[in-house]
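Below is one structure, written out as structure tokens; the observations come after it.
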Amino acid sequence: MGLYWYIMVVCGKGELSHLNILGFSGSLRKASFNRGLLRAAQELAPDDVEIEVFDLIDIPIYNGDVEADGKPDSVQRLQERIVAADAVLIATPEYNGSYSGVLKNAIDWASRPFPQPVLAEKPVGIMGAAAGRFGTARAQIALRQLLTGQGSFVLPRPPLELAAAGHSFDLEGNLHDEAIRERVAAFVEALAVWARRLRPD
């Protein structure tokens, strides 16, 4: 509650208009914890916030030759959805002490002129879950640095870095831990406040 209060006081509540948030996961596995986090975020979002989940499975590996022949449709859709969104919500796993290649590849494509990088000046929230005892802290630090280089406005807090996540999700990757679900709900609310504060008048 204290961390959410910080966001409310420092950022201000902003306008209470409808928000569209685009979410995507750095894990492609259907029952992954991070896909489950996004589903929980959709379920727990306030009535005035809609979260659309974009699947990165069809995004090809970045290749300048492919780009020169014409931007793939999946990349075009990703860029268009980021542009249309009021904020972006990223759920990251932690692989080898950092974020996944899936996320890096998606952000590499998103950085290509559209006519400018689509993540520039975009409010972004980062959350993540991992089976290990360190959670996704290292992945989130590295991802925050990458997004800052893109010019994104990354939500400073509250953190949402879930360790030993196997205890909180069922076999289908659905989040059943009520305490964690409350944290997810607070995180989505904080991202909405952040996005409204940064949205141009």
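These values consider heavy atoms only, across backbone and side chains, with no hydrogens, waters or symmetry-generated copies.
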> Any link between Val66 and Val102 through a network of hydrophobic side chains (Ile, Leu, Val, Met, Phe, Trp, Tyr) touching at under 4.5 Å?
Replying inline: yes
> Can any side-chain N or O of Ser27 pair as donor or acceptor with the backbone N or O of Pro93 at less than 3.5 Å?
Replying inline: no
> So which pairs with a foot in residues 95-106 pass side chain to side chain donor-acceptor pair (under 3.5 Å), sequence neighbours left out?
Replying inline: Lys104-Asp108
> Going through the distances and angles, do Ile107 and Leu143 end up as a side-chain contact (heavy atoms from CB on, under 4.5 Å)?
Replying inline: CA-CA 10 Å; Ile107 293 171; Leu143 184 56; 3.7 Å; yes
>> To check you understand the geometry: which heavy-atom pair defines the closest contact between Ile126 and Val154, and what is its length?
In response: CD1-CG1, 3.9 Å
> So how far is it from Glu50 CD to Gln42 CD, rounded to the nearest 0.5 Å?
Replying inline: 8.5 Å
>> Run the side-chain contact (heavy atoms from CB on, under 4.5 Å) test on Leu44 and Val188 for me, step by step, so that the C-alpha distance in whole Å, both residues' side-chain angles and the decisive distance to 0.1 Å come before the verdict.
In response: CA-CA 8 Å; Leu44 298 166; Val188 173; 5.9 Å; no
> By side chain to side chain contact (heavy atoms under 4.5 Å, CB included), which residues pair with Ser168, not counting sequence neighbours?
Replying inline: Leu175, Asp177, Ile180
>> Could you work out, with salt bridge (charged side-chain N to carboxylate O under 4.0 Å, His left out) as the rule, every residue matching Asp55, not counting sequence neighbours?
In response: Arg35
> In chain order, what residues pass the side chain to side chain contact (heavy atoms under 4.5 Å, CB included) check against Asp65, with sequence neighbours excluded?
Replying inline: Asn63
>> Give me the atom names and distance for the closest heavy-atom approach of Gly135 to Ala130.
In response: O-CB, 3.6 Å
Name the atoms and distances for all side-chain donor-acceptor pairs under 3.5 Å in residues 81-89, with sequence neighbours left out.
unit_1 : atom_1 : unit_2 : atom_2 : d
Arg81  : NE     : Glu52  : OE1    : 3.1
Arg81  : NE     : Glu52  : OE2    : 3.3
Arg81  : NH2    : Glu52  : OE1    : 2.9
Asp86  : OD1    : Arg199 : NH1    : 3.3
Asp86  : OD2    : Asn20  : N      : 2.8

>> Tell me if a side-chain donor or acceptor on Gln150 pairs with a main-chain N or O of Leu119 at a distance below 3.5 Å.
In response: no
> Which atom pair, heavy atoms only, marks the closest approach of Pro117 to Ser111?
Replying inline: CG-O, 3.5 Å
> Excluding sequence neighbours, so at least two apart, what forms salt bridge (charged side-chain N to carboxylate O under 4.0 Å, His left out) with Glu121?
Replying inline: none
> Which heavy atom of Arg196 sits nearest a heavy atom of Ser17, and at what distance?
Replying inline: NH2-O, 2.6 Å
>> Using the rule that Ile, Leu, Val, Met, Phe, Trp and Tyr join whenever any side-chain heavy atoms are under 4.5 Å apart, tell me whether Leu171 and Leu38 fall into a single cluster.
In response: no
>> Looking at Thr148, is its backbone amide N or carbonyl O close enough to the side chain of Ser152 to form a donor-acceptor pair, meaning the two atoms are under 3.5 Å apart?
In response: no
>> According to side chain to side chain donor-acceptor pair (under 3.5 Å), does anything in residues 125-141 pair up with another residue at least two apart or in another chain? List the pairs.
In response: Glu94-Arg138, Thr136-Gln140
>> Please list all pairs meeting ring pair (Phe, Tyr, Trp, His ring centres under 6.0 Å) that have one or both residues in residues 67-87, counting only residues at least two apart or in different chains.
In response: none
>> Once ring pair (Phe, Tyr, Trp, His ring centres under 6.0 Å) is applied, what residue pairs with a partner in residues 36-88 remain, sequence neighbours excluded?
In response: Tyr62-Trp109
> Should the pair Glu43-Arg181 be classified as a salt bridge under the 4.0 Å nitrogen-to-oxygen rule?
Replying inline: yes
>> Under the ring pair (Phe, Tyr, Trp, His ring centres under 6.0 Å) definition, can you give me all pairs with a residue in residues 159-180, not counting sequence neighbours?
In response: Phe33-Phe169
>> As an exercise, state the distance from CG of Asn174 to CG of Leu37, rounded to the nearest 0.5 Å.
In response: 11.0 Å
> Is a side-chain donor or acceptor of Arg183 paired with a backbone partner of Leu160 at a separation under 3.5 angstrom?
Replying inline: no
>> For Glu67, give me all partners under salt bridge (charged side-chain N to carboxylate O under 4.0 Å, His left out), at least two apart in sequence or on another chain.
In response: Arg112
> When you look at Ile51 and Leu22, which way does the side-chain contact (heavy atoms from CB on, under 4.5 Å) test go after all the steps?
Replying inline: CA-CA 6 Å; Ile51 299 178; Leu22 182 73; over 6 Å; no
> For Ser25 and Leu56, which heavy atoms make the closest approach, and how far apart are they?
Replying inline: O-CD1, 3.5 Å
> Step by step, would you call Asn34 with Ile90 a side-chain contact (heavy atoms from CB on, under 4.5 Å)?
Replying inline: CA-CA 9 Å; Asn34 289 286; Ile90 299 175; over 6 Å; no
>> Could you report the tightest heavy-atom contact between Pro123 and Trp194, atom names first, then the distance?
In response: CB-CD1, 3.9 Å
>> Could you see if Ile59 belongs to whatever hydrophobic cluster contains Ile61? Use Ile, Leu, Val, Met, Phe, Trp, Tyr and a side-chain cutoff under 4.5 Å.
In response: no
> Going by the ring pair (Phe, Tyr, Trp, His ring centres under 6.0 Å) test, which pairs reach into residues 136-163, not counting sequence neighbours?
Replying inline: none
